[in-house]
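Heads up, the thing below is written out as structure tokens.
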Amino acid sequence: MPEFDCDVLIVGGGPTGVTLALVAARHGASVIVCEREAEIYPLPRAAHVDHEVMRIFQSVGAADAIAATSRTTTHYDFLTASGEILLRFEGSDRVGPGGWPSANMIHQPSVERVLRGELERTPQAELRSEWRFTALHQEAGGVSATFETPNGQRTLRSRWLVGADGTRSPVRAAAGIELDDLQFDEPWLVIDTIVHDFDRLPPVNLQICDPARPTTCVLMGEGRHRWEFMMLPGETAEQIMDDAFVAALLKPWNVDGAVSLERKAVYRFNARVAKDWRKGQVLLAGDAAHQTPPFAGQGMCAGIRDAANLGWKLGMIAQGAADDALLDSYQVEREPHVRATIALAVMMGQTVCITDPVAAEARNQQMLAARAAGQSPDGAVEFPPLATGCMLGGTAGAGSYFPQFMAAEGERIDDALGEQAWLIGTITPGIAAPAGVSLVSLDAAPLAPWRKAAAQWLTERGAEAVLVRPDRYVFGTGDAASLLSAWAQR
């Protein structure tokens with residue numbers, strides 16, 4: 001195959017594609033991102049990212065700027081039409097294991113501007129706007145992709161091509177990858193507003209489980225607020241998007257003058273997962289690989305997690321520090337997590353989207369009784385650990401998420417230890433660090449502010465040392481020499 005234009009060619013310049021480019025470049029890959037649009041889409045879409053995603057943004061230098069435009073709230077409530085609490089997710093504003101608030105309500109265009117600013121400052125990555133993907137051809141060891149550009153047709157050659165090009169994904173279609181439909185399909189009207197008086201708006205996120213009209217009301221970043229209203233049988237998009245209809249939907253919230261309309265759009269909330277996330281040298285990430293209803297706030301989060309998982313692996317392979325087979329761990333690690341979060345979102349959606357009054361009352365009585373008995377699944381949402389993939393199975397903590405320890409003054413351990421893999425613990429003198437791994441002895445000065453927390457983590461698992469992957473999932477625990485040997489054979 002002719003000389004490559006880059007190691008990694010990414011189709012799609014949204015949050016997933018740009019984050020993937022940043023992570024892969026920081027780990028040694030050269031990257032080109034091709035985006036069909038000329039500018040960032042100016043209106044809100046995703047509304048939430050969690051603590052783990054903020055930690056990923058931190059790893060690429062973007063978290064502080066994104067946090068400055070975000071908002072937090074104390075909880076997320078599912079209410080009956082009369083305001084009784086059916087389900088409450090607590091702790092949204094508390095710092096999660098990733099070292100950031102558990103729930104961060106965002107303004108997606110603001111997030112994208114920050115990420116693209118980081119991309120402009122990254123020498124090994126570039127963005128090409130108004131490049132529309134049209135075709136791909138896989139050859140030995142790489143991919144050639146064709147684009148329509150302002151200067152005519154162009155072809156780029158890369159070692160890998162990643163489709164981060166959304167739900168319709170021309171890359172997925174060109175690669176012949178099918179979707180597994182998980183049978184959730186509900187049309188909703190989404191209304192985004194600019195806020196003029198926050199005191200007149202709910203300070204928490206809400207799902208109103210009203211059979212007459214299931215409704216969502218959530219905070220957003222950059223002075224925005226969102227409502228979502230389920231379309232009822234017989235209603236059309238044209239009817240429900242009429243200004244008078246929208247005004248009638250908002251009237252019970254008493255926000256006239258407190259907000260002004262920024263956007264209204266009808267969306268179909270779906271649940272789908274691509275059957276193959278890798279086909280040869282072509283991979284999928286974000287909405288191209290999976291789609292979820294919005295009720296768990298995990299759509300954009302899932303794409304950013306894909307980027308963190310895939311980016312370091314592409315970088316290591318590009319640098320010759322790992323074999324191409326490392327990419328086989330991508331789908332087996334990410335798909336179970338994605339399916340778990342989709343199942344949670346579908347459960348939430350099925351709870352909310354009941355329009356039969358009798359069925360809704362039965363739901364209410366069951367959930368209210370469970371909550372009164374202390375059997376309601378209230379609390380922060382927890383996500384499953386990795387079950388298989390690039391990990392040392394059978395060791396304590398393997399596949400779990402390694403927390404970002406915080407010092408007394410708020411310093412985060414990631415900022416001190418850097419973006420590589422870490423080996424933290426008891427390290428015998430003379431052990432050499434392979435490329436891409438930082439050796440961090442428990443008595444090392446850089447670890448001092450977090451030494452107690454790290455030592456406690458190891459003690460609880462009966463381990464001398466832990467090897468933490470660049471995406472901050474635990475590769476395994478044990479003695480340092482054995483961990484490094486296993487890492488070399490991953």
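This one's a predicted model, so the numbers in the text were calculated from it and none came from an experiment.
Annotation: side chain of Ile191 is not in contact with side chain of Glu228 (no heavy-atom distance under 4.5 Å). Met316 has its side chain within reach of Trp312: a pair of non-hydrogen atoms, C-beta onward, lies under 4.5 Å apart. Between Val8 and Val162 the shortest side-chain heavy-atom distance falls below 4.5 Å. The closest side-chain heavy-atom distance from Ser129 to Glu37 is not below 4.5 Å. Using a 4.5 Å heavy-atom threshold, the side chains of Ile56 and Thr19 count as touching. For the pair Cys390/Leu326, a side-chain contact is recorded, criterion being any heavy-atom separation below 4.5 Å from C-beta on. For the pair Lys313/Glu333, a side-chain contact is recorded, criterion being any heavy-atom separation below 4.5 Å from C-beta on. In this structure the side chain of His51 never reaches within 4.5 angstrom of the side chain of Pro101, judged on heavy atoms.
Under the 3.5 Å distance criterion, with hydrogens and angles disregarded, no donor-acceptor pair is assigned to the side chains of Glu262 and Thr193. Side-chain contact check for Asp287 and Thr167: no donor-acceptor pair (N or O, by modelled atom type) lies under 3.5 Å. Counted by atom type alone, Asn205 and His48 present zero donor-acceptor pairs between their side chains at under 3.5 Å. In summary, the side chains of Glu186 and Asn270 do not present any donor paired with an acceptor at a separation below 3.5 Å, with no hydrogens or angles considered.
No option in Val143, Val11, Thr146, Ile32 other than Ile32 meets the side-chain contact (heavy atoms from CB on, under 4.5 Å) test with Leu156. Test Asp93, Leu206, Ile85, Val204 against His75 for side-chain contact (heavy atoms from CB on, under 4.5 Å) and you get one pass: Val204.
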Without placing hydrogens or testing angles, list every side-chain donor-acceptor pair under 3.5 Å for residues 340-354, not counting sequence neighbours.
{"unit_1": "Thr341", "atom_1": "OG1", "unit_2": "His337", "atom_2": "O", "d": "3.3"}
{"unit_1": "Thr341", "atom_1": "OG1", "unit_2": "Val338", "atom_2": "O", "d": "2.9"}
{"unit_1": "Thr351", "atom_1": "OG1", "unit_2": "Met347", "atom_2": "O", "d": "2.9"}

List the atom pairs, with distances to 0.1 Å, where a side-chain N or O of residues 60-73 and a protein N or O form a donor-acceptor pair under 3.5 Å, not counting sequence neighbours.
{"unit_1": "Thr69", "atom_1": "OG1", "unit_2": "Ile66", "atom_2": "O", "d": "3.0"}
{"unit_1": "Ser70", "atom_1": "OG", "unit_2": "Ile66", "atom_2": "O", "d": "2.8"}
{"unit_1": "Thr73", "atom_1": "OG1", "unit_2": "Pro203", "atom_2": "O", "d": "2.6"}

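Remark: side-chain polar atoms of Asp181 are paired, donor with acceptor, to backbone N or O of Gln183 under 3.5 angstrom. Looking only at distances, no side-chain donor or acceptor of Arg94 sits under 3.5 Å from a matching main-chain atom of Ser92. A donor-acceptor pair is defined here as one N or O able to donate and one able to accept, closer than 3.5 Å; such a pair exists between the side chain of Asp50 and the backbone of Val53. Panel note: side chain Lys279, backbone Ile177; no donor-acceptor pair is recorded below 3.5 Å. For Glu35 (side chain) and Gly13 (main-chain N/O), a donor-acceptor pair under 3.5 Å exists by modelled atom type. Side chain of Thr236 to main chain of Gln239: a donor-acceptor pair is present (N/O by atom type, distance under 3.5 Å, no hydrogens or angles). A donor-acceptor distance shorter than 3.5 angstrom exists from the side chain of Thr149 to the backbone of Asn151, with no hydrogens or angles considered. The backbone N or O of Cys209 sits less than 3.5 Å from a side-chain atom of Arg363, completing a donor-acceptor pair. A donor-acceptor pair is defined here as one N or O able to donate and one able to accept, closer than 3.5 Å; no such pair exists between the side chain of Ser82 and the backbone of Thr80. A donor-acceptor pair is defined here as one N or O able to donate and one able to accept, closer than 3.5 Å; no such pair exists between the side chain of Gln404 and the backbone of Arg472.
In this structure, Arg132 does not pair ionically with Glu148, as no charged nitrogen and carboxylate oxygen lie closer than 4.0 Å. Using a 4.0 Å cut-off between a side-chain N of Lys or Arg and a carboxylate O of Asp or Glu, Lys275 and Asp180 do not qualify as a salt bridge. The pair Glu118-Arg113 fails the salt-bridge criterion, with no side-chain N (NZ, NE, NH1 or NH2) lying under 4.0 Å from an Asp/Glu carboxylate O. Salt-bridge formation is detected for the pair Arg45/Glu112: a Lys NZ or Arg NE/NH1/NH2 atom is positioned less than 4.0 Å from an Asp or Glu carboxylate oxygen. Ion pair Arg55/Asp414 flagged as a salt bridge, since at least one NZ, NE, NH1 or NH2 atom sits closer than 4.0 Å to an Asp/Glu carboxylate oxygen. Under a 4.0 Å N-O distance rule, the pair Glu52/Arg305 qualifies as a salt bridge. For Arg157 and Asp5, the salt-bridge test fails: no basic side-chain N is under 4.0 Å from an acidic carboxylate O. We find that Glu39 and Arg116 are not joined by a salt bridge, their nearest charged nitrogen and carboxylate oxygen being 4.0 Å or further apart.
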Tell me, with the steps shown, if Glu84 and Arg371 meet salt bridge (charged side-chain N to carboxylate O under 4.0 Å, His left out).
-> CA-CA 11 Å; Glu84 295 174 285; Arg371 194 159 195 272; over 6 Å; no
Walk me through it: do Arg278 and Asp328 pass the test salt bridge (charged side-chain N to carboxylate O under 4.0 Å, His left out)?
-> CA-CA 8 Å; Arg278 180 189 182 193; Asp328 292 337; 2.7 Å; yes
What do the steps show when you test Val49 against Met300 for side chain to side chain contact (heavy atoms under 4.5 Å, CB included), and what is the final call?
-> CA-CA 7 Å; Val49 295; Met300 181 171 159; 4.1 Å; yes
Go through Asp165 and Arg172 one step at a time and tell me if the salt bridge (charged side-chain N to carboxylate O under 4.0 Å, His left out) criterion holds.
-> CA-CA 9 Å; Asp165 51 344; Arg172 187 183 65 228; over 6 Å; no
Passes side chain to side chain contact (heavy atoms under 4.5 Å, CB included), Lys251 versus Asp256? Steps please.
-> CA-CA 7 Å; Lys251 186 174 181 180; Asp256 187 28; over 6 Å; no
Checking ring-ring contact (aromatic ring centres under 6.0 Å, His included) for the pair Trp188/Phe269: CA distance, chi angles, key distance, verdict?
-> CA-CA 7 Å; Trp188 283 63; Phe269 295 163; 5.6 Å; yes
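Annotation: the span from Tyr76 atom OH to Thr216 atom OG1 amounts to 6.0 Å, rounded to 0.5 Å. For the atom pair SG (Cys217) and CG (Leu201), the distance works out to 7.0 Å, reported to the nearest 0.5 Å.
The shortest heavy-atom contact between Leu261 and Arg263 is CD1-O, 3.6 Å. Heavy atoms only, all atoms of each residue included: Arg226 and Ala47 are closest at NH1-CB, 4.0 Å. Of all the heavy atoms in Val266 and Met231, the pair that sits closest is CG1-SD, 3.6 Å.
By the salt bridge (charged side-chain N to carboxylate O under 4.0 Å, His left out) test, Arg268 pairs with Asp185, sequence neighbours left out. Among residues two or more places apart in sequence or in another chain, the ring pair (Phe, Tyr, Trp, His ring centres under 6.0 Å) test is passed with Phe405 by Phe402. The salt bridge (charged side-chain N to carboxylate O under 4.0 Å, His left out) check on Asp471 picks up Arg469, with sequence neighbours excluded.
Evaluation of the ring pair (Phe, Tyr, Trp, His ring centres under 6.0 Å) test over residues 93-132, restricted to residues two or more places apart or in two chains, returns Trp131-Phe147.
Enclosure of atom CZ in Arg36 is not indicated, since only 12 or fewer non-hydrogen atoms of other residues, nucleotides or ligands lie within 6.0 angstrom. In the displayed structure, Asp356 atom CG is contacted under 6.0 Å by more than 12 heavy atoms of other residues, nucleotides or ligands. Other residues, nucleotides and ligands contribute more than 12 heavy atoms inside 6.0 Å of the CD atom of Glu411.
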